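FYI, the numbering just counts along the sequence from 1. Predicted model only: the values in this text are computed from it and were never measured.
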Amino acid sequence: MGLFTKKEELPPMPAGPPRAAKWIGVCLAATALLTVADLWSKDWALETLSAERTAEPPPVCEANEQGYIVHQRRQTEVVELVEGSLEFRYQENCGAAFGLFRNQPAWVRNSVFGLAAVLASLALLWMFAKGRGGRFFAMSVPFVVSGAIGNLVDRLRLGYVVDFIRFYWDGELFGLREWPTFNVADVTITIGVIFLIIDGYLEGKRHKAWAAEQGGVPAPGAVGDKKAKAV
């Protein structure tokens with residue numbers, strides 16, 4: 001159903017055909033490529049922007065007596081891309097996006113994040129293969145799944161997620177002086193979610209147009225995505 005359509009107003013649309021094997025292959029290849037790009041960028045950040053501690057590192061993602069979580073690796077070089085606005089700076093994220101759940105026990109974080117990543121990835125891939133959604137849904141799947149896999153791999157191998165892209169500025173923007181440090185996986189997930197929102201809106205248009213053709217509710221100005229099932 002679309003974002004602006006009530007279920008009870010329209011009859012259900014018939015399910016479309018499953019996507020062709022070649023498009024499933026394209027989806028999996030794009031997912032793999034984006035995942036590799038994310039993991040490579042994180043390895044680059046580990047090697048270039050940080051270094052091992054000379055002393056024994058503290059427990060992974062556990063707060064000390066003062067309530068602070070000390071990084072496993074020490075921050076070294078900072079690469080400035082746009083003076084006063086954008087730079088690469090090493091950070092360790094023990095939580096989800098923007099540090100959510102960072103103070104929860106490790107088993108809670110790993111269980112919640114791991115289960116969510118696996119279930120979301122499997123659900124999206126299954127929906128893609130079954131032919132659900134339109135073109136924007138199809139484009140969203142590799143972005144969301146690759147981001148979920150990339151961050152999950154970091155949690156499994158390191159116990160935290162490597163972040164290194166930092167936006168900041170003088171003054172305040174929406175009450176903030178800087179955006180939380182993020183990584184390539186966060187970017188791909190954000191792009192994928194935007195595509196999902198667009199597809200949800202277009203799905204409402206397609207549904208209303210289809211219902212009008214069946215003699216249901218009128219759909220003035222409705223725009224269908226006739227080529228959506230081509231991918």
Side-chain angles (χ1 to χ4, degrees), residues 1-19 23-24 26-35 37-38 93 95-101 112-113 115-152 161 163 165 167 173-176 178-212 216-231:
M1 300 301 295
L3 294 179
F4 306 104
T5 303
K6 291 182 179 179
K7 255 183 197 178
E8 60 270 22
E9 291 179 352
L10 299 177
M13 288 179 64
R19 285 186 168 85
W23 292 118
I24 295 176
V26 169
C27 176
L28 295 176
T31 300
L33 183 63
L34 290 169
T35 302
D38 172 58
N93 184 358
F98 313 132
L100 296 175
F101 290 94
V112 171
F113 300 144
L115 186 62
V118 170
L119 291 180
S121 298
L122 292 177
L124 287 172
L125 291 171
W126 180 84
M127 293 171 67
F128 180 92
K130 289 295 184 180
R132 303 291 179 85
R135 176 167 296 171
F136 279 96
F137 174 82
M139 292 190 298
S140 76
V141 174
F143 284 95
V144 176
V145 173
S146 65
I149 292 174
N151 282 341
L152 178 59
V161 174
D163 289 336
I165 306 172
F167 277 115
L173 181 64
F174 302 115
L176 298 173
E178 67 177 275
W179 196 255
T181 306
F182 55 97
N183 56 39
V184 173
D186 297 330
V187 174
T188 61
I189 290 173
T190 301
I191 293 173
V193 169
I194 292 172
F195 285 161
L196 285 173
I197 293 172
I198 294 173
D199 187 76
Y201 172 75
L202 294 178
E203 181 71 11
K205 296 281 191 178
R206 291 192 294 269
H207 197 171
K208 292 184 70 174
W210 173 84
V217 297
V223 179
D225 188 359
K226 295 182 179 179
K227 297 182 180 180
K229 294 299 182 182
V231 296

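Residues C27 and L125 share a closest heavy-atom pair of SG-CD2, 4.2 Å. Looking at every heavy atom in both residues, M127 comes nearest to R19 through O-NH1, 3.9 Å. Between A185 and G147, the shortest heavy-atom distance links the atoms CB-O, 3.5 Å.
A distance of 12.0 Å separates CZ in R132 from CG in L124, rounded to the nearest 0.5 Å. We find the CD1-CG distance between I165 and N183 to be 6.5 Å, quoted to the nearest 0.5 Å. A distance of 5.0 Å separates CZ in F182 from CZ in F167, rounded to the nearest 0.5 Å. Between the CG atom in D186 and the OG1 atom in T181 there is a gap of 10.0 Å [rounded to 0.5 Å].
Between T188 and I191, the closest side-chain pair of non-hydrogen atoms is not below 4.5 Å.
Remark: V118 pairs with L122, L152 by the side-chain contact (heavy atoms from CB on, under 4.5 Å) rule, at least two apart or across chains. Listed by chain and number, the residues in a side chain to side chain donor-acceptor pair (under 3.5 Å) with D38 are K42 (sequence neighbours excluded). In this view, L33 satisfies the side-chain contact (heavy atoms from CB on, under 4.5 Å) rule with no residue, not counting sequence neighbours. Looking at residues two or more places apart in sequence or on another chain, you find a side-chain contact (heavy atoms from CB on, under 4.5 Å) between I194 and T190, I198.
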Would you give me the side-chain donor-acceptor pairs under 3.5 Å for residues 136-146, sequence neighbours excluded?
{"from": "S140", "atom 1": "OG", "to": "F137", "atom 2": "O", "distance (Å)": "2.7"}
{"from": "S146", "atom 1": "OG", "to": "P142", "atom 2": "O", "distance (Å)": "2.7"}
{"from": "S146", "atom 1": "OG", "to": "F143", "atom 2": "O", "distance (Å)": "3.1"}

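No donor-acceptor pair closer than 3.5 Å links the side chain of N93 to the backbone N or O of V161.
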